[in-house]
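Below you'll find the structure, written out as structure tokens, and then a few comments.
Letters A, B, ... mirror the listed sequences (proteins, then strands); counts begin at 1. As the structure is a prediction and not an experimental result, all values here were calculated from the model.
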2 protein chains.
Amino acid sequence: MTTPRTRMPAAARRTSILVAAAEVFGQRGYAAATTDAIAQLAGISQAYVIRSFGSKEALFIATAEHVLDLVTDAFRTAIAEADDTRRIEPLLGAAYVRLAADRGALVTLLHLFTLGQDPRIGPIARAGFLRILAILREEAGLSMERATAFLGNGMLVSTILGLQLPAESEDPATAELLEATFRENTPLVRELFGGRDLDG
Amino acid sequence: MTTPRTRMPAAARRTSILVAAAEVFGQRGYAAATTDAIAQLAGISQAYVIRSFGSKEALFIATAEHVLDLVTDAFRTAIAEADDTRRIEPLLGAAYVRLAADRGALVTLLHLFTLGQDPRIGPIARAGFLRILAILREEAGLSMERATAFLGNGMLVSTILGLQLPAESEDPATAELLEATFRENTPLVRELFGGRDLDG
DNA sequence: GTCTATACTAGGATAGAC
DNA sequence: GTCTATCCTAGTATAGAC
């Protein structure tokens, strides 16, 4: 709009753009997301978004790294809280589901993983995926079988978010699906999304 | 190009466009795919692609329905072959993996499931997902727990395809991941993709 | 650090011929 | 049934001011 808004230190501005970007990228995907939508959500001009990150592609990469950091941090915190008397998956699962509160984060990740064919983004996507796998294996101590079962469930969680299935459905098949996918975290999901549709 | 190529009955042309569309949509996703790339792959003009389906959106929807049919048909065939002395998941899994030979099909499905926010496509995506779930539950007789485990593994398979991880990697983590994800179908995957990268 | 204005391009869709 | 030519919009990126 007309006059410069809340002037802000560069680092803070960067963060606020990244947060907006994760939401928009999560909702629409990389290609369909517009830098203008991100700008509006961040409350700044489209040109300034580009100024700050150089290009839409660079912004997406920064956003992806940011989300990847959120996930790895969340997993590491969960791992630190674990004692070895119980399975660690519920803790990791809860950490993952809680990231859904960061609107867009999990679905942005899902979008990232569909971009393997992109010459710039593809390598980052592969590395990010393998990085998460390595944490599950080496830091959480999961066998490959347990790790893939956990990852599969995580992809399913993200898919359900991306589909925007209703968090509270009258359709019994949907309700049962959510129970089976979110398990002990189902109440957490309902709390996060209430009556609204699930989205990232 | 210049002069009309192989003139073809409308139905056959439709199919050949759908096949090309699945490949391009699978590779790039809905938004990034261009009707021109689809046209080139199908060997016809961009304008004719639009002519044939009305719009890019309509083409995507038709492609999605087509892929959904491939999946449901493949599952039903697998179910028909099952005897009840063994778990049915390996049969279903093999059927699913074989669809990867239809370049783009599985990853197109993955893209479809990220489009929940789209007013036109979203409802189709949700219905398609629930339709697959219903087959697993009602026709294959899986409990909801087994169905979600199977679906999660399927999403992981599609994600690995979308990431284009190499089918034969020197990286031990990747190799082990593929083994754990594809299980008894690992040889089939290698046969399908040989030395090439995995893609849809 | 942030804006307005604008240049430029890609790509979906239409018109009309054959 | 299929093409060429073209219109038109959306959206990224740049220039330059404050």
Pairing residues for B:Arg146 by the salt bridge (charged side-chain N to carboxylate O under 4.0 Å, His left out) criterion, not counting sequence neighbours: B:Glu89

Sugar-phosphate, base or nothing in reach of A:Ala39, heavy atoms under 4.0 Å: nothing

Partner residues of A:Arg76 under the side-chain hydrogen bond (donor to acceptor under 3.5 Å, both in side chains) criterion, sequence neighbours left out: A:Glu139

Within residues 54-66 of chain B: residues closer than 4.0 Å to DNA chain C (heavy atoms): B:Ser55, B:Lys56

Touch class at under 4.0 angstrom, heavy-atom based, for B:Ala33 against every strand present: sugar-phosphate

Rounded distance (Å) that lies between atom P of C:dC8 and atom CD1 of A:Ile50: 17 Å

Partners meeting side chain to side chain contact (heavy atoms under 4.5 Å, CB included) with A:Ile50 (sequence neighbours left out): A:Thr35, A:Gln46

Report, one line per pair, each donor and acceptor closer than 3.5 Å where one atom sits in a side chain of residues 7-17 of chain B; sequence neighbours left out.
| unit_1 | atom_1 | unit_2 | atom_2 | d |
| --- | --- | --- | --- | --- |
| B:Arg13 | NH1 | B:Thr6 | O | 3.4 |
| B:Thr15 | OG1 | B:Ala11 | O | 3.1 |
| B:Ser16 | OG | B:Arg13 | O | 3.0 |

Set of residues satisfying side chain to side chain contact (heavy atoms under 4.5 Å, CB included) with respect to A:Ser158, sequence neighbours excluded: A:Tyr96, A:Leu106, A:Leu110

Quiz item: B:Arg28 side-chain donor-acceptor pair to C:dG11 base, under 3.5 Å: no

Distance below 4.0 Å between B:Thr35 side-chain N/O and C:dG12 OP1 or OP2: yes

Check ion pair A:Glu184-A:Arg87 (N to O, under 4.0 angstrom): no

Listed nucleotide nearest any side-chain atom of A:Ala10, set C:dG1, D:dT14, C:dA13: C:dG1

Those residues that, when tested against B:Arg137, pass salt bridge (charged side-chain N to carboxylate O under 4.0 Å, His left out) (two or more places apart): A:Glu176

Only pairs under 3.5 Å count here: list side-chain donor-acceptor contacts from residues 65-75 of chain B, not counting sequence neighbours, and write none if there are none.
| unit_1 | atom_1 | unit_2 | atom_2 | d |
| --- | --- | --- | --- | --- |
| B:Asp69 | OD1 | B:Arg131 | NH2 | 2.8 |
| B:Thr72 | OG1 | B:Leu68 | O | 3.1 |
| B:Thr72 | OG1 | B:Asp69 | O | 3.1 |

Selection residues 113-148 of chain A - residue pairs positive for ring-ring contact (aromatic ring centres under 6.0 Å, His included), sequence neighbours left out: A:Phe113-A:Phe129

Donor-acceptor pair present, A:Arg51 side chain and D:dG16 base, under 3.5 Å: yes

Residue-phosphate contact under 4.0 Å: A:Arg13 side-chain N/O, C:dT2 OP1/OP2: yes

Please list, pair by pair, any protein nitrogen or oxygen found under 3.5 Å from a nitrogen or oxygen in nucleotides 5-9 of chain D.
none

Proximity to DNA chain D (any heavy atom under 4.0 Å), residues of residues 112-120 of chain A only: none

Those residues that, when tested against B:Glu191, pass salt bridge (charged side-chain N to carboxylate O under 4.0 Å, His left out) (two or more places apart): none

